[in-house]
Amino acid sequence: MGEGFLHFVHGGMAMDERYDFQRIEERWQQHWLATNPYHTVTEVAKPKYYALAMFPYPSGKLHMGHVRNYSIVDVIARFKRMQGFNVLHPMGWDSFGLPAENAAIKNQIHPSTWTWDNIASMREQLRQMGISYDWEREVATCHPNYYKWTQWLFLEFYKHGLVYRKKAAVNWCPSCATVLANEQVVDGACERCDTSVIKKDLEQWFFRITDYAQVLLDDLDKLDGWPEKVKTMQRNWIGRSEGVEAKFGMAESEEKITVYTTRHDTIFGVTYLVLAPEHPLVAKLTQGTAYEAAVNAFVHKMKGLNEITRTSSETEKEGLFTGAYCLNPLTGNKVPIWIANYVLMDYGTGAVMGVPAHDERDFAFARKYDLPITVVIAPKDRDLDPVEMTDAYTDDGVMVNSGEFNGLDNELAMVKIADYMEERGLGTRKVNFRLRDWLISRQRYWGAPIPMLYCDKCGEVPVPEEDLPVTLPTDVEFRPGGESPLKTSPTFMEATCPVCGGKARRETDTMDTFVCSSWYYLRYCSPDCNAKPFAREDVDYWMPVDQYVGGVEHAILHLLYSRFFTKALYDFGHIGVNEPFQNLLTQGMVCMNGAKMSKSKGNVVSPEDIIAKYGADTARLFILFAAPPERDLEWNEQGVEGSYRFLNRVWRLIYHYAGKLESNAGAVELDDAARVLRRMTHTTLKRVTDDIATRFNFNTAISAIMELVNACYVYKEQPEQNQAVVDEALSALVILLSPFAPHIAEELWRAMGRADSVHLQQWPTYDPAALVQDEITIIVQVNGKVRDRLTVPNGLEAKQLEQMALQEPKILQHLEGKQVVKVISVPGKLVNIVVK
RNA sequence: GCCGAAGUGGCGGAAUAGGCAGACGCGCUGGUCUCAAAAACCAGUGGGGGUGACUCCAUGCCGGUUCGACCCCGGCCUUCGGCACCA
């Protein structure tokens with residue numbers, strides 16, 4: 001046989017007959033804790049690999065979703081490490097946030113105490129999982145050494161004009177008593193607590209993410225390693241559209257109303273115009289008219305409605321005529337101005353034109369209020385009669401009733417009309433985005449304080465860099481209410497203006513926790529850096545993250561904000577990459593009885609219990625075996641027992657051989673059984689390597705390892721066994737198992753007499769020569785149906801196979817009375833005989 | 001409504017490039033061992049028909065391409081996820 005990459009088993013550590021997972025896991029966890037074998041440093045000469053799981057909020061308890069997430073990344077990290085990469089695999093805590101503060105109010109415990117206690121217990125649980133983290137890089141966003149730099153970055157964005165303060169109608173969650181970003185409002189409700197969100201007019205801080213809308217959209221095309229689903233969701237969220245802002249002059253004044261439309265080819269068909277109830281012109285148009293009272297009542301009613309009912313497409317369209325008219329810029333026709341619930345003030349211009357013939361929503365509205373319908377685009381195959389129409393016609397067609405544009409395809413008219421309007425000052429082309437600026441102010445205590453001051457003389461003043469961090473005061477009261485608890489701290493509020501030296505007032509709002517999590521992957525590169533948020537040389541080496549893994553629930557929020565941060569920091573010249581995450585894997589949920597595991601559904605299985613009962617290796621193995629990573633996973637305790645049984649089976653196999661295999665005295669001719677086992681060893685090496693490296697299909701990788709174990713058991717029954725072949729198989733087995741079940745693999749490795757760690761081994765490569773089979777099975781089909789199997793020498797050519805197939809008695813039976821039309825012969829695979 | 005993903009045994013899932021459908025595991029059935037049980041080990045396990053060698057059916061449904069389709073194309077159905085008055 002070949003020289004083989006492995007040595008022989010000759011007794012190592014004494015081995016228990018029983019697989020005592022508790023003792024084993026504890027032993028190696030202690031060892032890893034003491035030696036931190038996964039500590040990594042920047043080594044420019046070595047190829048790097050940055051493996052990252054989304055860091056958790058420290059709720060205090062690990063759940064199965066965490067276990068799955070971290071197990072997946074750990075396999076990748078261990079695999080890459082064994083392949084010779086310098087692997088960065090850090091862990092930390094997204095540790096600011098509301099639950100800590102709610103606990104403070106409820107239990108009279110300080111958020112800081114609550115949080116750090118939780119971190120301690122979760123860190124312990126992670127250690128019990130045996131994940132290969134570099135614990136020296138641990139970060140916590142609530143630590144002053146971290147949030148100092150969050151504040152520094154805020155000021156950096158401020159300096160570059162990407163942070164501003166404005167008064168705006170913002171989303172307010174009455175239950176959380178704070179404002180929310182658009183992204184945190186789901187179906188008009190708070191994404192945390194599901195309470196209906198209301199609008200409040202407040203002075204708030206914003207990040208100018210809209211400046212990056214176009215590049216955030218464009219660069220999605222570069223992210224080949226991201227799931228299409230996530231990119232689609234981001235594209236959707238950014239919501240780019242191209243259209244025209246058209247100016248409608250008033251019939252009886254000099255006012256102009258600007259509307260935004262993407263269907264300027266239909267402007268000739270405008271029969272009414274609608275303003276958002278909040279539109280500033282509404283009051284002006286109706287003041288002192290007969291319509292004023294009714295319109296005011298309508299506007300008042302709309303303001304009282306919450307976000308859900310107001311923006312749901314289920315909601316009946318409701319509107320009211322204002323009594324005013326404007327003029328169609330293309331036809332000069334008088335157009336009535338309405339207000340309606342479905343027009344939103346914060347998109348476009350807050351005013352839309354109504355073209356019932358070619359827009360579903362306008363059609364419904366026009367039918368309801370009996371507004372005229374003018375057809376301006378005709379389908380090629382029929383005529384449209386406004387009276388007969390039951391639906392708007394929204395497809396392409398030929399222009400009609402459109403003056404000089406009649407007869408053109410509407411797509412061409414789109415261009416011509418835009419040109420026409422621009423030439424005459426009737427409108428301008430405009431690109432619009434649905435993405436809004438990111439509101440980051442939170443009226444809560446447990447967050448990074450926004451480092452700004454207000455001076456009566458100098459106005460808004462940033463806290464100087466040398467005064468950072470602005471630390472959270474401890475003399476605050478926690479009580480439910482709408483004001484930041486920081487306002488209850490006298491020592492915090494009062495400050496000195498760094499510009500004039502006079503009295504200044506501190507900003508009391510804290511930052512959205514998504515700000516903290518938008519750059520933590522950079523801090524991991526140089527967690528101890530004191531002069532900057534991160535050291536340039538470290539970031540240059542480690543970034544981008546090679547593989548990021550987390551739940552799809554962050555598809556927009558965290559992933560979009562992080563991309564924005566990376567791009568901005570790139571533009572400021574602080575980092576050399578403009579996308580943070582090269583490859584993204586969105587793992588599926590952990591379910592039980594068909595529903596996502598959750599407290600509210602009462603179908604939760606605690607990782608602690610599973611680890612206590614079966615051990616971490618079993619838990620990891622099952623969770624990786626039960627489904628591929630992207631797919632939802634159905635938890636099944638019997639499946640867990642299966643994984644536990646498998647580890648026991650491996651244990652007994654090694655136990656059987658440990659100390660009994662002796663050094664082989666040179667090359668021996670292998671018999672059939674030994675050759676089969678050796679081939680199995682090498683096909684398994686290939687399969688497992690491919691499954692991990694190219695597809696992250698850990699479930700099939702584990703299946704392959706199981707098959708190798710089964711093959712070893714079969715070979716164990718051989719009276720004459722080739723010890724070198726067995727040793728090679730067992731060594732491969734333990735190495736292949738090591739990323740999945742690190743504790744037992746280490747224990748077995750040592751029991752096999754190895755002095756060094758299995759986790760420090762080089763990932764083995766397979767011997768292609770060992771895969772070669774002398775004889776292979778060829779299937780023989782007649783009309784595509786399998787009729788026979790032939791065992792033939794490997795390497796026969798098509799013609800030879802065909803001849804052999806045509807001589808088989810079984811095949812001849814099927815050919816009887818038929819005529820052979822054609823024979824397809826694929827060497828190494830099959831022969832298909834087509835008959836009539 | 002729009003966008004996306006997925007539908008394969010009793011269950012979780014395999015089939016990597018269009019070539020043996022159901023790997024691996026769970027469950028179940030039978031057996032060995034045992035006073036007995038558990039564990040472990042061995043055998044079987046998609047459905048129908050046949051004593052049998054065998055044979056027919058089968059990857060949500062209908063059609064197509066192909067010597068050959070779980071896989072490619074067209075049309076539907078169902079489930080899940082996202083978006084949802086964005087002008």
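Quick note on labels: first sequence line is chain A, next is B, and so on, each numbered from 1.
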Whether each nucleotide of nucleotides 45-57 of chain B has a protein heavy atom under 4.0 Å at its base (B), only at its sugar-phosphate (S) or at neither (-) is summarised, 5' to 3', as ---------SSSS
Strictly by Watson-Crick or wobble contacts shorter than 3.5 Å, is anything paired with B:U29, and which nucleotide is it?
B:A43
Below 3.5 Å between N/O atoms, which protein atoms pair up with nucleotides 13-16 of chain B? Just atom names and distances, please.
from  : atom 1 : to       : atom 2 : distance (Å)
B:G13 : O3'    : A:Asn699 : ND2    : 3.3
B:A14 : OP1    : A:Asn699 : ND2    : 3.0
B:A14 : OP2    : A:Arg631 : NH2    : 3.0
B:A15 : OP1    : A:Arg695 : NH1    : 3.3
B:A15 : OP1    : A:Arg695 : NH2    : 2.9
B:U16 : O4'    : A:Arg695 : NH1    : 3.4

So, does A:Tyr260 get its side chain near the phosphate of B:C86, meaning an N or O under 4.0 Å from OP1 or OP2?
no
Calculate, to the nearest 0.5 Å, the distance between atoms CD and CG belonging to A:Glu802 and A:Asn832 respectively.
11.0 Å
Distance, C1' atom - from B:G75 to B:G25, rounded to whole angstrom
38 Å
B:G46 and B:G10: how far apart are their P atoms, nearest whole angstrom?
10 Å
Parallel, tilted or perpendicular: which one describes the rings of A:Tyr369 and A:Phe365, with boundaries at 30° and 60°?
tilted
The Watson-Crick or G-U wobble partner of B:G52, with both key distances under 3.5 Å, is none
Point-to-point distance, once rounded to the nearest 0.5 Å, from CZ of A:Arg631 to CG of A:Asn699:
8.5 Å
Looking at every strand, decide which applies to A:Asn710 at a 4.0 Å heavy-atom threshold: base, sugar-phosphate, or nothing.
sugar-phosphate
Euclidean distance for C1', B:G31 against B:U66 (whole angstrom):
48 Å
Can we call the ring centroids of A:Tyr655 and A:Tyr19 under 6.0 Å apart?
no
Under 4.0 Å between any heavy atoms, over every strand shown, what does A:Ser241 touch: base, sugar-phosphate, or nothing? Just pick one.
sugar-phosphate
Take A:Glu630 and A:Arg695 through the salt bridge (charged side-chain N to carboxylate O under 4.0 Å, His left out) test and state the conclusion after the steps.
CA-CA 11 Å; A:Glu630 318 79 24; A:Arg695 315 194 301 164; over 6 Å; no
Pick the P atom in B:C42 and in B:G52, then give their distance to the nearest Å.
27 Å
Can you tell me the pairing partner of B:A5 across any strand shown, Watson-Crick or G-U wobble, with both distances under 3.5 angstrom?
B:U79
Looking for any heavy atom pair under 4.0 Å, which part of the strands does A:Arg649 touch: base, sugar-phosphate only, or nothing?
sugar-phosphate
Go through A:Arg789 and A:Glu808 one step at a time and tell me if the salt bridge (charged side-chain N to carboxylate O under 4.0 Å, His left out) criterion holds.
CA-CA 10 Å; A:Arg789 295 177 173 80; A:Glu808 283 301 303; over 6 Å; no
Taking only side-chain nitrogens and oxygens of A:Lys229, does any of them come within less than 4.0 Å of OP1 or OP2 of B:G4?
no
Mind telling me whether A:Tyr614 and A:Tyr644 have parallel, tilted or perpendicular rings, with 30° and 60° as the class edges?
perpendicular
Base, sugar-phosphate, or nothing: which does A:Gln781 touch, judged by heavy atoms less than 4.0 Å apart?
base
So what's B:C85 paired with, Watson-Crick or G-U wobble, going by both distances under 3.5 Å?
none
Report the C-alpha distance between A:Glu316 and A:Lys368 in whole Å, list the side-chain angles of each, state the deciding distance to 0.1 Å, and finish with yes or no for side-chain contact (heavy atoms from CB on, under 4.5 Å).
CA-CA 10 Å; A:Glu316 174 81 359; A:Lys368 178 170 178 183; 3.2 Å; yes
Please determine if A:Arg649 forms a cation-pi arrangement with A:Tyr713, meaning its NZ or CZ atom is less than 6.0 Å from the six-membered ring centre and no more than 45° off the ring axis.
yes
chi for B:G74 classified (syn = within 90 degrees of 0, anti otherwise) as anti
Short side-chain N/O contact from A:Arg652 to OP1 or OP2 of B:A39, under 4.0 Å:
no
When you measure from the side-chain N and O atoms of A:Arg789 to the phosphate of B:G19, is any distance below 4.0 Å, counting only OP1 and OP2?
no
Rounded to whole angstrom, note down the P distance from B:G60 over to B:C11.
13 Å
Look at all strands and tell whether A:Gly239 reaches a base, only sugar-phosphate, or nothing, counting heavy atoms closer than 4.0 Å.
nothing
